[in-house]
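The structure appears right after this line, and notes come after that.
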2 protein chains.
Amino acid sequence: MAVSSEHPTVLVVEDEPAQREVLYYNLQAEGFEVVTAADGDEALLLVEEEAPDIIVLDWMLPGISGIEICRQLKTRSETRGIPVIMLSARSEEVDRVRGLETGADDYVIKPYSVLELMARVRNQLRRVRPATVGQRLQYDDIVLDAETHRVTRGDHPLKLGPTEFRLLTTFMEKPGRVWSREQLLDRVWGRDIYVDSRTVDVHIGRLRKALCQHGGDDPLRTVRGAGYALG
Amino acid sequence: MAVSSEHPTVLVVEDEPAQREVLYYNLQAEGFEVVTAADGDEALLLVEEEAPDIIVLDWMLPGISGIEICRQLKTRSETRGIPVIMLSARSEEVDRVRGLETGADDYVIKPYSVLELMARVRNQLRRVRPATVGQRLQYDDIVLDAETHRVTRGDHPLKLGPTEFRLLTTFMEKPGRVWSREQLLDRVWGRDIYVDSRTVDVHIGRLRKALCQHGGDDPLRTVRGAGYALG
DNA sequence: CGTTCCTGTGACAAGGACGTAACATCTGTA
DNA sequence: TACAGATGTTACGTCCTTGTCACAGGAACG
């Protein structure tokens, strides 16, 4: 799960553009990273690529229905833990039971109050996200404290620049996961920044050097043709 | 007053369950302790029991009205210091004057923006807490007495201006934590004030000079690309 | 073994972030 | 009004960070 301690990522799946806009705007205003999908296929793709922290899912969708997406997500172990909030129009209310049966974690009826939806999103996030106070990430002997922006490796404080810090944060949020260069550019550099993807390589190198500045093995793994991973 | 320097307690008085939920979620998400009351009697009881740091009070309530509760609180000396933020529907707006007359410290009209309400809650707390908390904050050899507004470093009294004092207070409430320039502007300057974020840098410089006016290391840490921290 | 593609890394120029002095305002006070 | 203290803004210098390139080393593959 892509838990950026600062900005959890929300995936909004909604085919109606106006609705999508509203959700996008409000969620972003609340400080979330937001990605949107207009149909089921795009949604499933983005779940892979973006590893969102939570999904807001419209019931009625062209192609694969919301309920089907939800079922698929909840059967796969990698995605089972991502909370899903279902949206449905009042007339579909009868299906509420079925919605929750498929594993949706919460259920909101249109027309919904934006405030209420925000509250429910936060609620689900709070329920699911590591309850660790002060957001401390750990992998092996590497400890990253998001609040103080400090990183240590076996008692030695590490000195690393802003970009390396963000890179390492991303890796430590999900140790073992392989991130493509594009995904890293998205998360670490920002969605609409253009930089050469080789730049990632250079920064990986810098991060490696920083992590080993007091000795120890290189914990970063290069996955040829795919990207990089921690451990 | 229930002074936990980490988590101030907010009492929410609101009869409408959905509204109460929204407030509860949002305030809790912001890190407050929250207690809720559905009517006036419960509210007055909880004020005794929980000694909240601030009260968010709906105007329309079954039984004792919000305005009456506010009047009662503001006449008793034990509770006079607790800030009250009134909520009222637009149609009741005409009563704004009367609301403030009874001693409410701020006034928000429904439908309100959650962000705005949070800002106002924080504003009121910031206004009152430093004075009431009367705590002595300490970090290393630096001692800050909120009540007397005095700061010493290893027996030497330090001379610093109001802004530097507030800055230092913020840092000392959570040593080590990195504050972004925007967060500092929020807390130290106030939410709706517009000042250039570089101004923070200048005041950090002034605070540094003040802290070292009798020698000693600079305890403030610059975190490039992120902000500043104490220690 | 040779070719081709992918990755690691040193060098470097450009840009950005930060520290600070100087200046103009503003406020309260005598 | 004159004055002192405090504040916000600007400008400029310095240092750090960063993106890109070029080239070398290696892996996959026939």
Side-chain angles (χ1 to χ4, degrees), chain A residues 149-151 157-171 178-213 216-230, chain B residues 126 130 149-151 157-171 178-213 216-230:
Chain A
H149 269 244
R150 287 201 145 108
V151 183
L158 299 186
K159 178 165 164 37
L160 42 152
T163 306
E164 285 109 70
F165 182 82
R166 264 171 291 149
L167 247 187
L168 181 59
T169 305
T170 300
F171 282 124
V178 178
W179 299 82
S180 75
R181 291 174 174 73
E182 284 67 30
Q183 289 170 337
L184 290 173
L185 284 175
D186 262 16
R187 287 190 70 89
V188 176
W189 276 260
R191 208 157 294 276
D192 18 61
I193 309 292
Y194 167 74
V195 285
D196 192 293
S197 85
R198 288 302 313 276
T199 298
V200 175
D201 298 14
V202 177
H203 279 274
I204 290 284
R206 288 170 181 159
L207 177 55
R208 283 190 163 122
K209 187 180 291 184
L211 287 173
C212 301
Q213 64 192 252
D217 292 340
D218 175 11
L220 292 177
R221 179 165 52 103
T222 302
V223 183
R224 204 178 168 77
Y228 299 94
L230 172 63
Chain B
R126 194 162 47 234
H149 265 238
R150 272 178 218 290
V151 182
L158 297 186
K159 180 165 164 34
L160 47 155
T163 305
E164 281 100 75
F165 181 82
R166 264 172 290 151
L167 247 187
L168 182 59
T169 304
T170 300
F171 283 125
V178 175
W179 300 83
S180 73
R181 291 174 173 73
E182 284 66 30
Q183 289 170 332
L184 290 173
L185 285 175
D186 263 16
R187 280 187 72 96
V188 176
W189 277 260
R191 181 153 289 242
D192 9 80
I193 310 293
Y194 170 74
V195 285
D196 193 293
S197 84
R198 290 302 312 276
T199 298
V200 176
D201 299 15
V202 177
H203 279 273
I204 290 284
R206 288 170 180 159
L207 176 55
R208 282 192 163 120
K209 188 179 291 186
L211 288 172
C212 300
Q213 63 194 252
D217 291 340
D218 175 10
L220 293 177
R221 176 167 54 109
T222 302
V223 182
R224 202 160 237 268
Y228 298 95
L230 172 64

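Note on naming: letters A, B, ... go to the chains in the order of the sequence lines (proteins, then strands), and numbering restarts at 1 for each one.
- Contact detail for B:Ala210 and B:Lys159: the closest heavy-atom pair is CB-O, 3.8 Å.
- Look at CZ on A:Arg166: it is 14 Å from C1' on D:dG19, rounded to the nearest Å.
- Considering only heavy atoms from C-beta on, A:Phe171 comes within 4.5 Å of A:Leu220 through its side chain.
- Between A:Leu185 atom CG and D:dT18 atom C1' the separation is 13 Å, expressed in whole Å.
- The interatomic distance linking B:His203 (NE2) with C:dG19 (P) rounds to 14 Å, in whole Å.
- Here A:Trp189 reaches the OP1 or OP2 of D:dG19: one of its side-chain N or O atoms lies under 4.0 Å away.
- Within the nucleic acid shown, B:Thr199 comes within 4.0 Å of at least one base atom, counting heavy atoms only.
- Other residues, nucleotides and ligands contribute over 12 non-hydrogen atoms within 6.0 Å of the CZ atom of B:Arg208.
- Considering only heavy atoms from C-beta on, A:Arg206 stays 4.5 Å or farther from A:Thr163 through its side chain.
- The residue B:Arg208 sits close only to the backbone: its heavy atoms come under 4.0 Å of sugar-phosphate atoms, none of a base.
- Dashed line: the shortest gap from a side-chain N or O of B:Arg198 to OP1 or OP2 of C:dT20 is not under 4.0 Å.
- Within 4.0 Å (heavy atoms only), A:Phe165 reaches no atom of the nucleic acid at all.
- Residues B:Ala226 and B:Lys209 each lie close to DNA chain C; by heavy-atom proximity, the contact nearer the 5' end of the strand is made by B:Ala226.
- Among the heavy atoms of the strands, none lies under 4.0 Å from A:Val200.
- Proximity of B:Tyr228 to B:Val178: side-chain heavy atoms (C-beta onward) are nowhere separated by under 4.5 Å.
- Between C:dC18, D:dT18, D:dT7, one nucleotide has an atom nearer to the side chain of A:Pro162 than all others, and that is D:dT18.
- The nearest whole Å value for the distance from the CG atom in A:Asp196 to the C1' atom in C:dT9 is 15 Å.
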**Q.** B:Leu211/B:Asp218 under side chain to side chain contact (heavy atoms under 4.5 Å, CB included): CA gap, chis, key distance, verdict
**A.** CA-CA 7 Å; B:Leu211 288 172; B:Asp218 175 10; 5.5 Å; no
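- Between B:His203 and B:Trp189, the ring planes are perpendicular. Angles over 60° get that label, and only those under 30° would be called parallel.
- Closest-nucleotide positions on DNA chain D for A:Gly161 and A:Ser197 were compared, and the one nearer the 5' end corresponds to A:Gly161.
- Proximity of A:Tyr194 to the phosphate of D:dT20: no side-chain N or O atom is located under 4.0 Å from OP1 or OP2.
- Here the side chains of B:Asp201 and B:Arg181 are in contact, with some heavy-atom distance below 4.5 Å.
- Following rounding to the nearest Å, A:Arg221 (CZ) and C:dT7 (P) show an atom-to-atom distance of 14 Å.
- Taking 4.5 Å as the limit, some side-chain heavy atom of B:Val223 sits within range of a side-chain heavy atom of B:Arg221.
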Protein-nucleotides 2-5 of chain D N/O pairs closer than 3.5 Å?
none

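- Remark: the A:Arg206 side chain and the C:dG8 base include no donor-acceptor N/O pair separated by less than 3.5 Å.
- Residue A:Tyr228 places no side-chain N or O under 4.0 Å from the OP1 or OP2 atom of C:dC6.
- Counting to the nearest Å, the C1' atom of C:dA17 and the CD1 atom of B:Ile204 are 14 Å from each other.
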Using a cut-off of under 3.5 Å, enumerate the N/O to N/O pairs linking the protein to nucleotides 26-30 of chain D.
unit_1: D:dG26; atom_1: N2; unit_2: A:Arg224; atom_2: NH2; d: 3.0

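- Computed from coordinates, the A:Leu167 CG to D:dT18 C1' distance equals 13 Å when rounded to whole Å.
- Note on A:Thr222: a side-chain N or O is less than 4.0 Å away from OP1 or OP2 of C:dG8.
- A straight line from CG of B:Asp201 to C1' of C:dC18 spans 6 Å, rounded to a whole angstrom.
- You'll find the side chain of B:Glu182 reaches within 4.5 Å of the side chain of B:Ser197, heavy atoms only.
- Panel note: side chain B:Asp217, backbone B:Pro219; no donor-acceptor pair is recorded below 3.5 Å.
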